[in-house]
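The chains referred to below are lettered A, B, ... by the order of the sequence lines, with proteins before strands, and numbering in each begins at 1. All values reported here derive from a predicted model rather than from experimental measurement.
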Protein chains: 2
Amino acid sequence: MYSKELLKGTLRTIILNLLSGNGKMYGYEITQKVKELSDGKIQLTEGALYPTLHKLEAEGFLTTETMNIGKRVRKYYTLTETGSEKSASKIREFSDFVATMQTVLGGLKTSEGK
Amino acid sequence: MYSKELLKGTLRTIILNLLSGNGKMYGYEITQKVKELSDGKIQLTEGALYPTLHKLEAEGFLTTETMNIGKRVRKYYTLTETGSEKSASKIREFSDFVATMQTVLGGLKTSEGK
DNA sequence: TGCATTACCTAAGTAATTTATGTATATTTG
DNA sequence: CAAATATACATAAATTACTTAGGTAATGCA
């Protein structure tokens with residue numbers, strides 16, 4: 001686990017990108033997927049995830065469908081068109097940020113071009 | 001400029017690493033160096049920088065020397081031994097974080113090993 | 001001489017998170 | 001079969017790293 005501050009600002013990027021790659025997903029599924037992909041290194045907390053999903057929906061980046069699984073409710077999220085665009089721009093932003101940081105930190109790993 | 005949230009949690013890493021590479025530096029110098037290295041993309045605010053420097057000093061990672069330039073005061077910061085270790089571990093942490101993010105985001109650029 | 005730059009600093013406000021808590025169903029295990 | 005764990009949603013208070021705003025003062029320049 002990292003000093004979690006690094007994660008700040010990446011939650012939206014992660015959510016949007018996962019939905020972009022996997023189609024519709026529900027909240028709990030997202031937490032599990034991230035945990036799996038990150039080898040347990042990133043564990044989204046529900047207190048952060050759900051409010052963020054709600055915000056993304058309110059902002060028009062996601063739409064929801066509610067599904068009944070037995071007696072339980074499951075809420076699937078899907079990217080809207082603007083959501084897809086947002087996902088792409090978020091990835092670009094993150095990518096650009098990392099590149100800048102590498103320059104500032106004196107080129108740690110990757111792209112030692114020049 | 002990025003959505004500045006990404007910068008959160010990187011300030012200490014940046015400061016420690018810059019001092020590690022450049023020897024003693026003073027606050028204002030750090031802001032200028034970061035601006036230069038990042039091509040203006042990262043502009044440290046003084047409201048964030050100075051308190052952080054003070055904290056790093058209080059935690060034993062930095063020591064200070066005050067210098068008089070004419071009638072103005074300049075405060076130079078130098079890494080302590082634990083500060084150097086901290087710098088290295090911060091870099092490792094950031095590096096590891098980026099690698100993890102790349103996996104989660106589906107390998108954007110770099111290290112497409114496999 | 002007045003505006004930008006250098007150089008330090010602190011305090012109030014903001015926003016993304018964590019921690020804590022709540023509810024309820026489903027599944028595994030001893 | 002009861003109890004613990006996992007699934008699945010949610011909100012609210014507390015934390016915290018930051019931004020914004022404010023302050024002081026010397027120096028350089030047009």
Between [atom2] on [N] and [atom1] on [X], what's the gap in Å once rounded to a whole number?
X: B:Lys33; N: C:dA7; atom1: NZ; atom2: C1'; value: 18 Å
X: B:Leu53; N: D:dA17; atom1: CG; atom2: C1'; value: 15 Å
X: B:Gln43; N: D:dT20; atom1: CD; atom2: P; value: 12 Å
X: A:Leu49; N: C:dA20; atom1: CG; atom2: P; value: 19 Å
X: A:Arg12; N: C:dA16; atom1: CZ; atom2: C1'; value: 10 Å
X: A:Tyr28; N: D:dC9; atom1: OH; atom2: P; value: 10 Å
X: B:Ile42; N: D:dC18; atom1: CD1; atom2: P; value: 12 Å
X: A:Arg74; N: D:dA10; atom1: CZ; atom2: P; value: 13 Å

So, does B:Lys75 get its side chain near the phosphate of C:dC9, meaning an N or O under 4.0 Å from OP1 or OP2? yes
Report yes if at least one side-chain N or O of B:Tyr50 is closer than 4.0 Å to OP1 or OP2 of C:dC8; otherwise report no. yes
Correct closest heavy-atom pair for A:Thr10 and A:Phe94 would be CG2-CE1, 4.1 Å
Could you pull out the closest heavy-atom pair between A:Gly83 and A:Leu16, with the gap in Å? O-CD2, 4.2 Å
Nearest listed nucleotide, side chain of [X], among [options]:
X: A:Thr45; options: D:dC9, C:dT18, D:dA26; answer: C:dT18
X: B:Gln32; options: C:dT6, D:dA10, C:dT10; answer: C:dT6
X: A:Thr52; options: C:dT17, D:dA17, C:dA7; answer: C:dT17
X: A:Pro51; options: C:dT17, D:dT11, C:dC8; answer: D:dT11

For the side chain of A:Thr103 and the backbone of A:Ala99, is there at least one donor-acceptor N/O pair under 3.5 Å apart? yes
Around atom CD of A:Glu81, are there more than 12 heavy atoms from other residues, nucleotides or ligands closer than 6.0 Å? no
Side-chain donor or acceptor of B:Glu5 under 3.5 Å from a matching atom on the base of D:dC18? no
Check whether the side chain of B:Arg72 and the base of C:dT6 form a donor-acceptor pair under 3.5 Å. yes
When the nearest nucleotide of DNA chain C is assigned to B:Tyr26 and to B:Ala48 on a heavy-atom basis, which residue is associated with the more 5' position? B:Tyr26
Pick the nucleotide of DNA chain C nearest each of A:Glu46 and A:Ile69; which residue has the one closer to the 5' end? A:Glu46
Using heavy-atom distances to pick each residue's nearest nucleotide on DNA chain D, tell me which of A:Gly47 and A:Lys8 is more 5'. A:Gly47
Less than 4.0 angstrom from a charged side-chain N to a carboxylate O is my criterion; do B:Arg12 and B:Glu93 meet it? no
